[in-house]
Q: 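Here it is: the structure, laid out below.
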There are 2 protein chains.
Amino acid sequence: MTRSNGRQETIDLLMGLSHALSTNFNTVAGELGVSALHARALFNLDQPAAMRDLAATLHCDKSHVTGIADGLESRGLVTREPDPRDRRVKQLVLTTEGRRLRTELRRRLVDDAPVLSRLTADEETQLRGLLRAAFERHTEENGGGPGCG
Amino acid sequence: MTRSNGRQETIDLLMGLSHALSTNFNTVAGELGVSALHARALFNLDQPAAMRDLAATLHCDKSHVTGIADGLESRGLVTREPDPRDRRVKQLVLTTEGRRLRTELRRRLVDDAPVLSRLTADEETQLRGLLRAAFERHTEENGGGPGCG
DNA sequence: TATTGTTATACTCTATAACTATA
DNA sequence: TATAGTTATAGAGTATAACAATA
């Protein structure tokens with residue numbers, strides 16, 4: 001019970017931060033006219049990706065990615081490109097508009113970051129260092145490193 | 001563009017942590033035999049609460065709380081108690097079993113905290129200090145302080 | 001035989017609106 | 001007239017299973 005109470009406070013704070021972050025993500029996505037789901041997909045499409053890989057990144061079933069890709073494609077944000085190496089595979093590739101939207105999404109997430117904006121530059125650097133350390137030591141166990149998975 | 005790149009990394013790290021945290025929350029809830037939704041409600045019922053208040057805490061509509069309370073009640077985890085001051089209101093109160101489950105939930109969240117477990121005691125204290133500072137300066141704007149809202 | 005993506009189906013989470021009983 | 005909770009309904013998000021094409 002020596003460390004637990006502090007640990008518990010840390011968890012509460014992190015869950016609060018987590019919630020603020022995801023609320024902000026939803027808000028920003030909404031402002032850009034896409035659902036949070038679509039924004040999450042866009043966010044992870046910095047490089048073209050096979051649908052199977054996007055499913056892995058998003059921790060969902062591949063059948064779900066079909067629907068996501070349909071939505072994104074009908075909005076002109078991605079295209080399905082054949083993979084010359086394996087004709088079963090379709091690569092999802094951002095269109096120009098998709099890239100624009102993705103860039104804007106990231107820009108706003110960075111600019112509007114809730115809670116975070118309350119730290120001084122020094123404090124933010126400290127925080128980043130701590131998180132980096134935690135993730136470097138946090139091996140594959142729990143689904144890997146950071147990102148919008 | 002001086003600070004943006006670092007900031008962007010911080011955001012990525014936080015989103016990764018956020019995801020690890022919520023995955024862990026779901027896992028722990030599953031191990032205890034409740035859905036993440038029910039666990040989230042239990043988590044916030046440390047004190048009896050009117051259904052309207054739980055809706056506010058969970059950031060959802062009151063109609064949704066009716067369903068949550070139905071599920072929790074049918075599992076013997078909460079009861080609906082009348083409020084003598086206002087006969088429209090029903091207070092949700094944890095049963096003995098509900099309290100036990102809530103305690104166990106919190107214990108496991110603290111013990112199994114992913115990523116966090118990779119920090120030394122000193123680092124965790126530093127992290128807690130930073131988060132506390134951020135939240136203290138982060139006024140009501142974005143739904144208030146920490147918690148499992 | 002195994003895998004990629006698709007379709008069909010169903011289940012969970014959540015919001016909106018109409019209702020009731022209070023206030 | 002406004003609010004607390006309920007009911008009914010509908011829409012996302014997601015999983016499972018069966019299928020087609022390809023490996």
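A note on names: the letters A, B, ... follow the listed sequences, proteins ahead of strands, and every chain is numbered from 1.
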Q: Within this structure, what is the NE2-to-P distance between B:H59 and C:dA15, rounded to whole angstrom?
A: 11 Å
Q: For DNA chain C, which residues of residues 49-56 of chain A approach it to below 4.0 angstrom with any heavy atom?
A: A:A50, A:M51, A:R52
Q: Which angle, rounded to 10°, do you find between the first-five-pair axis and the last-five-pair axis of the helix from C:dG5-D:dC19 to C:dA23-D:dT1?
A: 0°
Q: Atom NE2 of A:H64 and atom P of C:dT12: how far apart are they, to the nearest Å?
A: 16 Å
Q: Do A:R107 and A:T103 come close enough that some side-chain heavy atom pair is under 4.5 Å?
A: no
Q: Flag the pair A:P114 / A:L21 as yes when at least one side-chain heavy-atom distance between them is below 4.5 Å, and no otherwise.
A: yes
Q: Does any residue of residues 68-82 of chain A have a heavy atom under 4.0 Å from DNA chain D, and if so, which ones, in number order?
A: none
Q: Say whether, by atom type as modelled, one donor and one acceptor occur between the side chain of A:R108 and the main chain of A:V28 under 3.5 angstrom.
A: no
Q: Choose from C:dT22, C:dG5, C:dA15 the nucleotide whose nearest atom is closest to any side-chain atom of B:R88.
A: C:dT22
Q: Do any N or O atoms from the side chain of B:T95 and from the backbone of B:G76 form a donor-acceptor pair under 3.5 angstrom?
A: yes
Q: To the nearest 0.5 Å, what is the distance between CG on B:L131 and CD on B:E136?
A: 11.0 Å
Q: Would you check if A:L94 and A:L101 make a side-chain contact, meaning some heavy-atom pair closer than 4.5 Å?
A: no
Q: Please list, in 5' to 3' order, the outermost nucleotides of DNA chain D lying under 4.0 Å from any heavy atom of chain A.
A: D:dG13 to D:dA23
Q: Just compare C:dT7, C:dT14, C:dT22 and give me whichever is closest to any side-chain atom of B:R87.
A: C:dT22
Q: Out of curiosity, B:L42 CG to B:R99 CZ, how far, rounded to the nearest 0.5 Å?
A: 12.0 Å
Q: Going through the checks in order, is the side chain to side chain contact (heavy atoms under 4.5 Å, CB included) test met by A:R118 and B:F135?
A: CA-CA 8 Å; A:R118 306 290 157 161; B:F135 269 105; over 6 Å; no
Q: Look at the side chain of B:E9 and the backbone N and O of B:G6, then say whether any donor-acceptor pair between them is shorter than 3.5 Å.
A: no
Q: Side chains of B:D122 and B:T120: donor-acceptor distance under 3.5 Å anywhere?
A: no
Q: Would you say B:H64 and B:L37 make side-chain contact, with heavy atoms under 4.5 Å?
A: yes
Q: Write out a two-atom table: protein N or O, nucleotide N or O from nucleotides 9-11 of chain C, distance below 3.5 Å.
A:
none

Q: Rounded to the nearest 0.5 Å, how far apart are CG of A:L116 and CG of A:N24?
A: 10.5 Å
Q: In a table with atom names and distances, give each donor-acceptor pair under 3.5 Å that connects a side chain of residues 86-93 of chain B to protein atoms at least two apart or in another chain.
A:
unit_1: B:D86; atom_1: OD1; unit_2: B:R88; atom_2: N; d: 3.0
unit_1: B:D86; atom_1: OD1; unit_2: B:R88; atom_2: NE; d: 3.2
unit_1: B:D86; atom_1: OD2; unit_2: B:R88; atom_2: NH2; d: 2.9
unit_1: B:Q91; atom_1: OE1; unit_2: B:A50; atom_2: N; d: 3.3
unit_1: B:Q91; atom_1: NE2; unit_2: B:D83; atom_2: OD2; d: 3.1

Q: Classify the ring geometry of B:H19 against A:H59: parallel below 30°, tilted from 30° to 60°, perpendicular beyond 60°.
A: parallel
Q: Would you mind classifying the nucleic acid contact of A:K62 as base, sugar-phosphate or nothing, using non-hydrogen atoms under 4.0 angstrom?
A: base
Q: Under the 3.5 angstrom rule, does the side chain of A:R128 hit a backbone N or O of B:T10 as a donor-acceptor pair?
A: no
Q: Is a side-chain donor-acceptor pair under 3.5 Å present for A:E81 with A:T79?
A: yes
Q: Give the rounded distance in Å between these two atoms: CZ of B:R85 and P of C:dT22.
A: 19 Å
Q: Reading DNA chain C from 5' onward, which residue's closest nucleotide shows up sooner: A:V89 or A:S63?
A: A:V89
Q: On DNA chain D, does the nearest nucleotide to A:P84 precede the nearest nucleotide to A:H38 from the 5' side, or the other way round? Give the residue.
A: A:H38
